[in-house]
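None of these values were measured; they are calculated from a predicted model.
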Amino acid sequence: MTHEQSCEKSLPSSECSRDLGIHEDVKDYYGKRLKQTDDLVLNVCVTSLKALPKYVRDALKDVHEEVNSRYYGCGLVVPECLENCWILDLGSGSGRDCYMLSKLVGEKGHVTGVDMTDEQIQVAQRFIDYHTEKFGFSKPNVDFLQGYIEKLADVGLKDNSFDIIISNCVINLSPDKEAVLKEAYRVLKDGGEMYFSDVYADCELPEAIRTHKVLWGECLGGALWWKDLFKIAKDVGFSAPRLATASRIPVNNKQLEDIIGDFKFVSATYRLFKIPASSAKEKCCVTYNGSIMDFKEMLEFDVNYTFKEGEAVTVDEELASILKFSRFADAFTVQPVGKMALGGSGECSGAKSKDIIVDPFKLTEGPEVKGAPSCVKTCCARSHEGC
């Protein structure tokens with residue numbers, strides 16, 4: 001069967017939620033089968049997307065060795081401008097990212113981790129006092145809750161509670177991605193951000209892949225077609241996903257390669273913002289003032305926009321709203337296009353419309369990856385917009 005024929009026969013991704021055994025399979029995989037990072041069959045969940053800045057490397061050095069050994073993420077998720085923020089980690093596992101972030105937010109900030117796996121939560125909770133002392137805090141600024149990321153209300157998380165939500169290679173493991181994003185939107189404050197890495201496919205996956213327990217546990221079987229992320233985000237109310245990083249995922253296992261066939265996968269990080277629907281949408285001229293710690297000279301916001309201190313740049317309507325209403329507001333001067341940005345270098349650069357990259361596979365094209373995936377034409381024919 002060809003890749004295109006597989007796409008035609010694959011079931012809608014929402015039907016994955018009918019498999020009530022997925023949660024138990026994932027619990028078993030990450031709680032009992034995997035004891036350390038080396039137990040992974042593939043290298044999907046330890047894919048490094050880009051070099052880590054020094055302040056992140058320094059924070060990671062302070063995370064306990066046992067916590068690090070149970071890390072299964074696919075891309076470190078560390079957004080900027082974290083001081084004093086309240087952060088939620090969906091699928092926090094052994095707590096590596098939570099502890100690293102708890103140091104970065106400082107004693108006045110807070111980090112909450114949610115995970116459904118007993119064994120992982122137990123590891124994370126065991127080292128709360130260790131890291132509190134290591135970071136020199138007078139009291140813990142991190143906690144861990146056992147529960148499902150599709151049902152955050154069940155663990156007591158209230159509306160409008162967090163500045164930032166992160167997730168590291170976990171949402172693909174959920175049988176109901178839309179429920180995850182709905183809950184994330186609910187608990188985020190207005191102007192809040194969901195900054196997360198995950199695995200995406202170049203098309204909807206057929207049942208043979210979606211029901212394969214090892215492929216699901218290794219983060220491939222539950223991967224969304226990347227275009228479905230945009231549809232879900234829009235339906236939930238988020239801004240359009242903004243691509244931050246992407247890296248192709250090689251599958252170096254003959255048995256699994258035979259099952260996967262021609263389907264392709266990437267590990268990608270996207271940013272979603274909860275911006276008021278009533279906010280004015282207009283292109284603006286923005287100037288970064290260099291006030292974000294560790295990003296004084298330059299801020300790489302996503303693959304489309306890098307802001308240099310003092311340089312006036314034209315941005316699209318949605319990004320203008322994001323910079324006005326999110327935690328980045330104090331770091332930017334934002335004015336309608338046509339006016340000189342205060343403190344900037346003069347007229348806005350990039351005044352012409354630019355092509356915005358949203359497809360993670362576009363960032364990973366090389367000699368071996370040319371043209372659109374063979375399934376795209378078929379997928380578009382099934383009424384998906386924006387193809």
Side-chain angles (χ1 to χ4, degrees), residues 48-62 75-85 87 97 100-106 108-109 163-164 166 191-197 239 241-247 268-273 275 283-358 360 363:
S48 177
L49 296 181
K50 62 180 181 180
L52 301 176
K54 183 178 184 302
Y55 75 98
V56 175
R57 297 198 305 270
D58 289 344
L60 283 172
K61 289 177 183 177
D62 286 337
L76 192 63
V77 281
V78 190
E80 317 83 3
C81 203
L82 298 178
E83 190 174 4
N84 299 331
C85 283
I87 299 179
D97 291 359
M100 176 268 297
L101 289 167
S102 75
K103 180 178 183 180
L104 299 181
V105 300
K108 293 182 180 179
D163 301 292
I164 303 168
I166 68 162
E193 177 183 12
M194 183 173 181
Y195 185 92
F196 66 108
S197 64
S239 61
R242 306 196 75 91
L243 181 62
T245 62
S247 178
T269 301
Y270 281 100
R271 321 183 72 136
L272 307 179
F273 287 85
I275 302 301
K283 285 187 177 181
C284 286
C285 186
V286 306
T287 305
Y288 175 50
N289 63 24
S291 62
I292 297 177
M293 189 180 299
D294 298 299
F295 297 93
K296 176 174 174 49
E297 296 181 356
M298 183 173 65
L299 175 66
E300 295 182 19
F301 192 81
D302 59 22
V303 299
N304 298 292
Y305 288 99
T306 295
F307 300 107
K308 297 179 181 178
E309 181 189 10
E311 180 180 67
V313 179
T314 299
V315 300
D316 59 76
E317 295 86 345
E318 191 165 63
L319 182 51
S321 292
I322 289 170
L323 297 179
K324 280 192 230 178
F325 294 102
S326 70
R327 69 187 188 282
F328 294 97
D330 291 340
F332 286 86
T333 299
V334 182
Q335 292 186 331
V337 169
K339 293 185 178 181
M340 184 179 293
L342 296 176
S345 58
E347 293 298 322
C348 266
S349 63
K352 295 181 180 179
S353 297
K354 60 185 290 186
D355 292 332
I356 301 297
I357 299 173
V358 296
L363 290 186

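- Nearest heavy atoms, Y195 versus A244: OH-CB, 4.3 Å.
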Point to revise | CA sep, side-chain torsions, deciding dist, call: D302, R271, salt bridge (charged side-chain N to carboxylate O under 4.0 Å, His left out) | key: CA-CA 8 Å; D302 59 22; R271 321 183 72 136; over 6 Å; no

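- No more than 12 heavy-atom neighbours from other residues, nucleotides or ligands sit within 6.0 angstrom of NZ on K308.
- In this structure, R57 and L60 have side chains that are not in contact, with every pair of non-hydrogen atoms separated by 4.5 Å or more.
- No side-chain heavy atom of P53 sits less than 4.5 Å from a side-chain heavy atom of D294.
- Remark: I164 CD1 to L82 CG distance equals 5.0 Å, nearest 0.5 Å.
- Looking at every heavy atom in both residues, N289 comes nearest to D330 through ND2-O, 2.8 Å.
- Using a 30° and 60° split on the angle between ring planes, Y305 and F307 fall in the parallel class, below 30°.
- N304 contributes a side-chain N or O that, together with a main-chain N or O of I357, makes up a donor-acceptor pair within less than 3.5 Å.
- Taking the six-membered ring where tryptophan is involved, the planes of F332 and Y288 are tilted, since the angle between them lies from 30° to 60°.
- Judged by the 6.0 Å distance and 45° axis criteria, R242 is not positioned over the aromatic ring of F301.
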Point to revise | Residues Y55, V78; criterion side-chain contact (heavy atoms from CB on, under 4.5 Å); working and verdict | key: CA-CA 11 Å; Y55 75 98; V78 190; 4.3 Å; yes

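- What you find for L104 and A59 is that their closest heavy atoms are CD2-CB, 4.1 Å.
- Closest heavy-atom contact between P79 and I166: CD-CG2, 4.3 Å.
- Taking both residues in full, the closest heavy atoms of S197 and V77 are given as N-CG1, 3.4 Å, listed atom of the first, atom of the second, then distance.
- For the pair C85/R327, a side-chain contact is recorded, criterion being any heavy-atom separation below 4.5 Å from C-beta on.
- Y270 contributes no side-chain N or O that, together with a main-chain N or O of M194, makes up a donor-acceptor pair within less than 3.5 Å.
- Atom NZ in K61 sits 5.0 Å away from atom CG in D58 (nearest 0.5 Å).
- Here D316 contributes atom CG and I356 contributes atom CD1; the two are 5.5 Å apart, rounded to the nearest 0.5 Å.
- We find the OG1-CG distance between T314 and L319 to be 11.0 Å, quoted to the nearest 0.5 Å.
- Across every non-hydrogen atom of L243 and P360, the tightest pair is CD2-CA, 3.8 Å.
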